[in-house]
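All remarks here apply to the structure that follows.
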Amino acid sequence: MGVASGPEVLFSRERIRERVAQMGRQIDLDYAGESIVLVGVLKGAAIFLADLARSISVDNTFDFVAVSSYGKGQRTSGAVKLIKDLDQPIEGKHVILVEDILDTGLTLGFLRSLFEQHQPKSLRIAALLDKPSRRVEKIEADYVGFTIPNQFVIGYGMDFAERYRNLPDICLMPSCRPQAPAE
Ligand code: PRP
């Protein structure tokens, strides 16, 4: 089946909306009366951050970082490089790193270490999807939307060769074999 004939939906837009709203409510409870900085990791997290932020009532600001990618499943060195830094200092602030997917954990492991050097008041992670079977770096998200097996997913910000980020549902990439185990 090709994408033209419609990819298989894993999480519908309705299901995503419900889950993101729940995550927002949990964040509201956890940070009641506080201000938070939501830091999205470009580009995949852009759509999730936009929806999560609108599900949150506590005072918040946005920032974005970008890291270099060496190709999913082929990142053997574990080296991740920052290519766009924060715009605003996070020292003394409550920070939530917002990711579309936590896979090997190399990206968030790198960002967590980097951000901790800036001495935020607190640092948590919100990941819409979690693929624990692929983990290389010991890292867990504090807020997880859905836990999934080792499947290649597209849509809702997630791409295949930069395409399909705009699909409103999270879909399985057609004719895509499972990714090789992380090295
Ligand atoms: C994806 C995702 C995370 C990262 C997670 O980004 O958005 O940033 O991979 O994988 P990891 O846990 O194995 O590090 P990608 O490199 O595909 O870039 P993109 O966000 O621009 O799509």
Side-chain angles (χ1 to χ4, degrees), residues 7-67 86-105 107-116 118-135 137-151 153-159 164-172:
E8 187 186 337
V9 173
L10 185 61
F11 299 111
S12 67
R13 64 202 76 183
E14 293 81 13
R15 206 157 157 216
I16 297 167
R17 192 184 311 122
E18 267 175 37
R19 188 70 189 113
V20 173
Q22 287 172 347
M23 294 173 86
R25 281 197 291 275
Q26 186 61 53
I27 290 170
D28 275 346
L29 289 172
D30 293 349
Y31 293 90
E34 306 280 355
S35 295
I36 56 178
V37 184
L38 300 169
V39 179
V41 186
L42 295 171
K43 303 172 200 147
I47 290 176
F48 175 43
L49 186 142
D51 283 347
L52 183 66
R54 285 179 290 180
S55 302
I56 290 172
S57 305
V58 296
D59 182 56
N60 68 84
T61 57
F62 302 169
D63 208 337
F64 291 94
V65 292
V67 296
L86 293 161
D87 291 336
Q88 300 291 327
I90 55 168
E91 188 180 342
K93 304 230 171 111
H94 290 297
V95 175
I96 302 180
L97 257 165
V98 179
E99 263 289 27
D100 51 330
I101 187 161
L102 174 52
D103 189 342
T104 65
T107 304
L108 282 172
F110 167 80
L111 288 171
R112 183 178 58 179
S113 304
L114 186 73
F115 282 21
E116 276 167 355
H118 293 275
Q119 300 182 308
K121 194 167 182 181
S122 69
L123 179 60
R124 286 187 176 170
I125 292 170
L128 181 61
L129 300 182
D130 185 10
K131 261 190 202 178
S133 63
R134 291 256 308 158
R135 203 77 90 250
E137 179 101 14
K138 191 173 168 8
I139 189 161
E140 296 303 326
D142 301 278
Y143 305 98
V144 173
F146 305 102
T147 299
I148 61 167
N150 184 16
Q151 295 167 315
V153 289
I154 53 172
Y156 200 74
M158 290 168 281
D159 71 309
Y164 313 120
R165 293 191 196 274
N166 65 319
L167 296 177
D169 308 304
I170 295 175
C171 302
L172 293 173

Between [X] and [Y], what is the shortest heavy-atom contact and its length?
X	Y	value
F11	I16	O-CD1, 3.5 Å
A141	A127	CB-CB, 4.0 Å
P7	L172	CB-O, 3.8 Å

Give a yes or no answer on whether the side chain of [X] reaches the backbone of [Y] with a donor-acceptor pair at less than 3.5 Å.
X	Y	answer
D63	V39	no
R19	V144	yes
R135	D103	yes

How long is the straight-line distance from [atom2] of [Y] back to [atom1] of [X], given to the nearest 0.5 Å?
X	Y	atom1	atom2	value
Q151	I170	CD	CD1	11.5 Å
N60	R54	CG	CZ	12.0 Å
L123	F115	CG	CZ	7.5 Å
R13	D51	CZ	CG	12.0 Å
L29	S57	CG	OG	10.0 Å
T107	I101	OG1	CD1	10.5 Å

**Request:** Take C171 and L10, measure what side chain to side chain contact (heavy atoms under 4.5 Å, CB included) needs, and give me the verdict at the end.
**Result:** CA-CA 5 Å; C171 302; L10 185 61; 6.0 Å; no

**Electrostatic pair R25:D28 at N-O distance under 4.0 angstrom** = no

**Request:** Verify side chain to side chain contact (heavy atoms under 4.5 Å, CB included) between E137 and L108, making sure each step is shown before the conclusion.
**Result:** CA-CA 9 Å; E137 179 101 14; L108 282 172; over 6 Å; no

Taking the side chain as every heavy atom from C-beta outward, state whether [X] and [Y] have any pair of such atoms under 4.5 Å apart.
X	Y	value
N150	K131	yes
L38	I36	yes
D130	E140	yes
L52	Y143	no
V98	F62	no
L86	V37	no
I139	I125	yes
M158	L129	yes

**Item:** Criterion side chain to side chain contact (heavy atoms under 4.5 Å, CB included) on T61 and K93, from CA distance to verdict
**Value:** CA-CA 11 Å; T61 57; K93 304 230 171 111; over 6 Å; no

**Message:** Determine whether D159 and K43 satisfy the following criterion, salt bridge (charged side-chain N to carboxylate O under 4.0 Å, His left out), listing intermediate values before the conclusion.
**Reply:** CA-CA 9 Å; D159 71 309; K43 303 172 200 147; over 6 Å; no

**Request:** Could you check whether the rings of H94 and Y31 sit parallel, tilted or perpendicular, using 30° and 60° as the cut-offs?
**Result:** perpendicular

**Item:** E116 CD: over 12 foreign heavy atoms closer than 6.0 Å
**Value:** yes

**Request:** Evaluate the side chain to side chain contact (heavy atoms under 4.5 Å, CB included) criterion for residues Y156 and V20: first the C-alpha distance (whole Å), next the side-chain angles of each, then the deciding distance (0.1 Å), finally the verdict.
**Result:** CA-CA 12 Å; Y156 200 74; V20 173; 3.9 Å; yes

